[in-house]
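For reference, the structure is listed below as C-alpha cells.
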Amino acid sequence: MSGEEEENAAELKIGEEFLKAKCLMNCEVALILEHKYEQLQQMSDDPMNQVSQVFEKSLQYVKRFSRYKNPDAVRQVREILSRYQLAEFELCVLGNLCPETLEEAIAMVPSIKV
C-alpha cells in the first residue's frame, strides 16, 4: 500500500502485512492460552508464579468473548467460513461476532458486500 493511500477496512485497504497475516478468532486464542496455562500449571507447584497478569487478563478476555467453547465447534466455524473466500480478518470478525443475517454481516464487515 502506498503512503498516499489511506487505510480503510471497509474497502479491504488494510495493508499487505495485514492481508497476509494469520488471524485467530477469540475462541481459537482461548484454546491456545488454556493449553499454555495447563502446561504452566504442570511445571510449577504454584502456577500463579508462572502466569503474568497480562496473560491472565488476556485469557479471561478471550474466554468471556468466545462464542464457541468446544474445540470441534471452533474447527467447524473456521472450516465453514473458509468456504467463502474471506480475508483472514473478515473471517475472524464474523466468527467472533456471529451475525444472524447477511445484512448484519455486511454492517459489521462492509468489505464483504457483493
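All figures in this text were calculated on a predicted structure; none of them were measured in a lab.
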Name each donor-acceptor pair under 3.5 Å that joins a side chain in residues 99-108 to protein atoms two or more places apart or in another chain, with its distance.
unit_1, atom_1, unit_2, atom_2, d
T101, OG1, E104, N, 3.1
E104, OE1, E100, N, 2.8

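- In this structure, the side chains of V62 and I32 stay at 4.5 Å or more apart for every pair of heavy atoms.
- With hydrogens and angles disregarded, no donor-acceptor distance shorter than 3.5 Å links the side chain of E88 to the backbone of A21.
- Residue pairs satisfying the ring pair (Phe, Tyr, Trp, His ring centres under 6.0 Å) criterion with at least one member in residues 56-80, sequence neighbours excluded, are listed as follows: Y61-F65.
- Residues Q60 and K63 have side chains not in contact (no heavy-atom distance under 4.5 Å, counting atoms from C-beta outward).
- For the pair L33/S58, a side-chain contact is recorded, criterion being any heavy-atom separation below 4.5 Å from C-beta on.
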Q: List the steps, then state whether side chain to side chain contact (heavy atoms under 4.5 Å, CB included) holds for L59 with E34.
A: CA-CA 7 Å; L59 179 57; E34 285 173 346; 3.7 Å; yes
Q: Determine, stepwise, if the pair R78 / C92 fulfils side chain to side chain contact (heavy atoms under 4.5 Å, CB included).
A: CA-CA 8 Å; R78 181 168 281 277; C92 290; 3.6 Å; yes
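- Among all heavy-atom pairs drawn from L86 and L81, the shortest one is CD1-O, 3.7 Å.
- Put simply, the side chain of F55 reaches to within 4.5 Å of the side chain of K36, judged on heavy atoms.
- Applying the side chain to side chain contact (heavy atoms under 4.5 Å, CB included) rule to R64 yields no partners; only residues at least two apart in sequence or on another chain are considered.
- Atom CG of residue N26 and atom CG of residue L31 lie 11.0 Å apart, to the nearest 0.5 angstrom.
- In terms of heavy atoms, M25 sits closest to V74 at CE-O, 4.1 Å.
- Contact record, R67 with C98: CG-SG, 3.5 Å, taken as the closest heavy-atom pair.
- Cluster membership for V54 and L40, using ILVMFWY side-chain heavy atoms within less than 4.5 angstrom, is not shared.
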